[in-house]
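Counting convention: from 1, in listed order, for ligands and their atoms alike. Bear in mind that the values here come from a model prediction, so they are computed numbers and not experimental data.
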Amino acid sequence: MIYMDHAATTPVDERVVKAMLPYLSEKYGNPSSLYGLAQEARKAMEDARAKIAGLINAKPEEIIFTSGGTESDNLALKGVALASKKKHIITSSIEHHAVLKTCEWLEKHGFKVTYLPVDRYGLVKVEDVEKAITKDTALISIMHANNEIGTIEPVEEVGKIAEEHEIYFHTDAVQSVGKIPVDVEKMNINLLSISSHKIYGPKGVGALYIRRGTRIEALQHGGGHERKLRSGTENVSGIVGFGKAAEIARQEMLSETERLSKLRDRLIEGALKIENSWLNGHPTKRLPNNAHLCFKFIEGESLILELDFNGIAAGTGSACSSRSLEPSHVLTAIGLRPEETHGSLRFTLGRSNTDKDVEQVLSVLPGIVERFRAISPFKKDFREYESALLKEHHSSGVD
Ligand SMILES: *Cc1c(COP(=O)(O)O)cnc(C)c1O
């Protein structure tokens, strides 16, 4: 099988599995206990913390382990909101649901949220962030790289503005960490979310970077683990695996970025030879492994199934929203019409992918698209649709 859905999840690297195994068997101590067996687990956990900190230029004591990206986002947003007297949050309209749904929950509990629009490439405008700031703003949360279309946001500039206004800045960096450089110092970040299973580590473990001195409330109470911010006996084997995954990502990032971006560009170039197709997201400010394409007049879901039948695993966009028929909020935010959002296909490349995989995809994709178009209900109206579009553009003066 050719796996090209690494934005949804990644296989656990064999080196990671190997590092984890002893902590699932003989090294089972509880890191909070005092005897040798427990201290061994504690040490392994602290080693992992240092490796994860190293990947983002943080200090180990600024890393809090969580159950994944979703929990990290929840802790960052709710934790800062609850600790602040201020009641306003700024975010973007293309965030992951872990941020958007948390913001909606905060709105129900007395907070005001500004959802910034994005341009047609999915970029947040830095001026918009600054304009949205009020005396009551507690937090700015803008993702580093979008999980659907791969656009990389100007987080360093946003961080600068946040610092000038003395407002906390959180970024969901689940998709960027391990793929492109992330530096919490250089980017003026106060809080940053990471997930292990997006970087070839196990599922169910993640981290929140919290800059020293940041005022934040815990959401989960108990034995006071993780500097009282996240109680509960730590997922030691998961954390060890996460640490190993971070170490490998750091060592291999440069070479892998170069390799993957070449594959990505070949895939994009080849796929765009299919007529009535286009690339979503920014042409250059994009993740090295993301190719998000739209094919007019087809259902993305049927494309996915047919590709699967051909041994190729790709995504429609967000794994979380693909079970619903609602158009993707990201594609809607970049200005696609509902019928256009449905013909979208997301290829996200990773470690196992080779030139041959890209060739294989390009050898079957045009035929599949053509066959689906031949039977597409949209196709019948193709001419009408095109001329209607043209007329509309003329009358609205849009070029
Ligand atoms: C996957 C993802 C998450 C959620 O992480 P989990 O570890 O699966 O909870 C959050 N944000 C982004 C951008 C993601 O891609």
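- Ranking the protein heavy atoms by distance from atom 6 (P) of ligand 1 puts G69 N, 3.4 Å first.
- At the top of the distance list for atom 3 (C) of ligand 1, counting protein heavy atoms only, stands H96 NE2, 3.5 Å.
- Protein heavy atom in closest approach to atom 7 (O) of ligand 1: S195 OG, 2.6 Å.
- Looking only at protein heavy atoms, the nearest one to atom 11 (N) of ligand 1 is D172 OD2, 2.6 Å.
- Side-chain contact check for T137 versus K86: every heavy-atom pair is 4.5 Å or farther apart.
- In this structure, R351 forms a cation-pi arrangement with Y200, its terminal cationic atom sitting closer than 6.0 Å to the ring centre and no more than 45° off the ring axis.
- The shortest N or O to N or O distance between Q175 and ligand 1 is under 3.5 Å.
- Interface atoms of ligand 1 facing G68, defined by a heavy-atom separation under 4.0 Å, are 7 (O).
- Judged purely by distance below 3.5 Å, without hydrogens or angles, the side chains of S193 and D73 pair a donor atom with an acceptor atom.
- Nearest non-hydrogen protein atom to atom 4 (C) of ligand 1 is T70 OG1, 3.5 Å.
- Of the protein's non-hydrogen atoms, K198 NZ, 2.6 Å is the one closest to atom 2 (C) of ligand 1.
- Between the side chains of T151 and H282, not a single donor N or O lies within less than 3.5 Å of an accepting N or O.
- Y35 OH: more than 12 foreign heavy atoms inside a 6.0 Å radius.
- Between V124 and V129 there is a side-chain heavy-atom pair separated by less than 4.5 Å.
- Below 3.5 Å of separation, one finds an N or O of H197 facing an N or O of ligand 1.
- Screening R49, M45, K43 against D47 for a side chain to side chain contact (heavy atoms under 4.5 Å, CB included) leaves a single residue, K43.
- The shortest N or O to N or O distance between A7 and ligand 1 is not under 3.5 Å.
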